[in-house]
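On a predicted model such as this, the values are computed, not experimentally measured, just so you know.
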Amino acid sequence: MSGRLTGEALRFSHTCGKTSHFARFPVSIVLVCVVGIGIRPCHSESGKRPYDLAACIRMAFASSPSIQAAEADLQIAENRLQQVYAARFLPGLDFTWTVGPSPEARGDALTGVSNWRRMSVFTRTEVALVQPLFTFGKLKAAVEAASGGIGARRAGLTGSRFDLEQQVARAYYLLLLANQLRELAHESRGEIDRARRTIVEKLEADTGDFTYTDLHRIDRFVYDVEENANKVVKSQGLARSALRMLTGLSESDSLVLAEASLKPVDVRIRPPEYYLSLVEGRPDLGQLREGLRLRSAQVRAVRTDLFPQVFLAGRFRYGFAPNRDRQRNPFLKDEFNVTELGAVLGFRQSLSFASTKAKVKEARLSYEKLGYQAQLAVQGARLEIESAYLSLIEAQANIGAARKARRATRRWFVSARDGFNAGLEEAGDMVDAVKEYGIIRAKYYQAVLEFNLAWIALQRATGNSILE
């Protein structure tokens, strides 16, 4: 969108410069050609709360669904770790209580009789537990895998914050650029109106300085002015809507930027080696490191299936039916009147060794694959940092050059204008001076925008927050 905003002004100024008949126009008309945009100024929003970039970013953090989703992912990962910790102690602990009808039964196994006409109610309580004793590292690997998942989700949350910062900053600076062009356009609208009145007055006075062809040409030029004005209005509206959406502001909320004009961010640029040394702090690389930690734990967890799992199991059962005689013979069992308590030591071994070994190999290959991807990611990250740094240096140099050129072309413009008014300069020379002055102004703001966006990109590439 930045290219559309400033590009239109540049293309339009070049187009105007190619038309030789504008050489007879006053300076005001040429200035309108250079700027090439005419829109009404926006209504003043005095008294409204202004928002700087930091405030917009904080508002976006508070309202962004992507941040809320990333925070939910982190909470899910933390909950999984709690589940793994819980599995270390009594992972199998069940309590059951039942109640139901009990037919009367008297006697024992030899002389016992039952009477279904006389019913009562029995109750039974059961408690069963399983406690792992030795798992050959399975539980430890599960804890480490869950911890790696938390680290990956936390790095993902940081990355989502950085991405949102970049989006908000881009929309913020694009809106600043649109506001800057809007102010220049307001000045241009006044210039073109005054220029037309000057031509009309000269024609009515019949001084011979202008013809009706000149008037028709400037009226035709108004269409180009309005066409470009509509493009600026569209771009400004899109930038404003994007910033409103990102910050959670509604259409009824005021959106006034704290900065009145687009300026380069005030930062200290360090040598490239400094930024390259920050590559490990990137959240995406942090995610990969935590992913490697998780995959390594998964390999160890799968390998433990080759070994037995030693455990302790216990059980307690108690049932009571008041209308039935309790059996004292240990070889007899009555499910209505029962008392059981015991614990056993056991182990479980999977005998699918071939299948388990294949799973271990697959897990190990997945770990190695992720390691190779991490190496590629580091190389790509370093290249991204270098690219962002060089773009920043280029934009900084362009700003310095544009400042010098703006001062020089302004002196050129003033000299040509004064010479033209004094009859010492040709109109074509003045047109060239004003045209170049307008182009340089547009290029200056383009360089400022590119500098700010390059700084944002460098912060993102090095894993640093804009707020820092």
Residue pairs passing the salt bridge (charged side-chain N to carboxylate O under 4.0 Å, His left out) test with at least one member in residues 132-142, sequence neighbours excluded, are K138-D305
query: How are the rings of W455 and Y275 set relative to one another: parallel (under 30°), tilted (30 to 60°) or perpendicular (over 60°)?
result: perpendicular
- prompt: Would you say S63 and T247 make side-chain contact, with heavy atoms under 4.5 Å?
  reply: no
Output for pair (I76 CD1, L81 CG), nearest 0.5 Å, gives 14.0 Å
| Criterion side chain to side chain contact (heavy atoms under 4.5 Å, CB included) on I269 and L392, from CA distance to verdict | CA-CA 9 Å; I269 302 179; L392 182 66; 3.8 Å; yes
Test item: side-chain donor near acceptor, Y367 and Q298, under 3.5 Å
no
- Query: Side chain of E450, backbone of A395: donor and acceptor closer than 3.5 Å?
  - Reply: no
For this session: Say whether, by atom type as modelled, one donor and one acceptor occur between the side chain of T462 and the main chain of Q459 under 3.5 angstrom.
Result: yes
- prompt: Does some side-chain heavy atom of Q396 sit less than 4.5 Å from a side-chain heavy atom of I393?
  reply: yes
Does a side-chain heavy-atom distance below 4.5 Å link V256 with R49? no
In this structure, CD of Q236 is separated from CG of L177 (nearest 0.5 Å) by 10.0 Å
Taking L129's backbone N and O only, do any of them form a donor-acceptor pair with Q131's side chain (distance below 3.5 Å, no angle check)?
no
Measure the shortest side-chain to side-chain distance between L278 and N464 over non-hydrogen atoms and say whether it is less than 4.5 angstrom. yes
Rounding to 0.5 Å, atoms CD1 (I57) and CG (L467) come to a distance of 4.5 Å
dist C56:SG -> L246:CG (nearest 0.5 Å) comes out at 9.5 Å
TODO: Begin with the C-alpha distance, continue with both residues' side-chain angles, and end with the deciding distance and a verdict on side chain to side chain contact (heavy atoms under 4.5 Å, CB included) for F347 and Q309.
DONE: CA-CA 5 Å; F347 74 95; Q309 308 299 310; over 6 Å; no
Side-chain donor/acceptor of S277 to backbone N/O of Y274, under 3.5 Å | yes
Note: S254 and R244 closest approach over all heavy atoms is C-NH2, 4.4 Å
One should read off an interatomic distance between L285 CG and R382 CZ, to the nearest 0.5 angstrom, of 11.0 Å
Would D253 and S250 count as having a side-chain donor-acceptor pair, cut-off 3.5 Å? yes
TODO: Please examine the side chains of Y444 and I399, heavy atoms only from C-beta on, and report whether any two atoms are closer than 4.5 Å.
DONE: yes
Discussion item. For the backbone of L383 and the side chain of S387, can you confirm whether one donor and one acceptor N or O come within less than 3.5 Å of each other?
Written reply: no
Donor-acceptor contact below 3.5 Å, side chain T304 vs main chain A301 = yes
What one should report as the nearest heavy-atom pair of Q349 and L306 is NE2-O, 3.5 Å
Heavy-atom closest pair (Y389 atom, P272 atom, distance to 0.1 Å) is OH-CD, 3.3 Å
Between the NZ atom in K361 and the NZ atom in K357, the distance rounded to the nearest 0.5 Å is 12.0 Å
Open item on the list: Any carboxylate oxygen within less than 4.0 angstrom of a Lys/Arg side-chain nitrogen, looking at K359 and E362?
Closed with: no
Are side-chain heavy atoms of Q373 and Q375 found at a separation under 4.5 Å?
-> no
### Message
Applying side chain to side chain contact (heavy atoms under 4.5 Å, CB included) to V265 and Y173, what does each step give before you reach the verdict?
### Response
CA-CA 10 Å; V265 292; Y173 287 126; 3.0 Å; yes
Steps toward side chain to side chain contact (heavy atoms under 4.5 Å, CB included) verdict (V267, F451):
CA-CA 11 Å; V267 295; F451 178 83; 4.2 Å; yes
Here the pair of heavy atoms bringing I385 nearest to L458 is O-CD1, 3.8 Å
Heavy-atom donor-acceptor pair, R282 side chain to A461 backbone, under 3.5 Å: yes
Residues passing the side chain to side chain donor-acceptor pair (under 3.5 Å) test with R303, sequence neighbours excluded, are none
Q.
Does Y372 have more than 12 heavy atoms from other residues, nucleotides or ligands lying within 6.0 Å of its OH?
A. no
query: Under 3.5 Å, is there a donor-acceptor pair linking the side chains of S296 and R300?
result: yes
- prompt: Given side chains that start at C-beta, do those of D284 and L288 come closer than 4.5 Å, heavy atoms only?
  reply: no
Q.
Check whether R289 reaches the backbone of E280 with its side chain - one donor and one acceptor, N or O, closer than 3.5 Å.
A. yes
*Does N398 use its side chain to pair, donor to acceptor, with the backbone of E394 at less than 3.5 Å?*
yes
When R161, R154, R153 are each screened for salt bridge (charged side-chain N to carboxylate O under 4.0 Å, His left out) with E71, the one that passes is R161
- Message: Any non-hydrogen side-chain atom of L449 less than 4.5 Å from a side-chain atom of L174?
- Response: yes
Scanning both residues in full, the closest heavy-atom pair of I456 with Q166 reads CG2-CG, 3.6 Å
Around Y85, counting heavy atoms of other residues, nucleotides and ligands shown, do more than 12 lie under 6.0 Å from its OH? no
Scanning both residues in full, the closest heavy-atom pair of V378 with V279 reads O-CG2, 4.4 Å
So, does T409 use its side chain to make a donor-acceptor pair with the main chain of R406 at under 3.5 Å?
yes
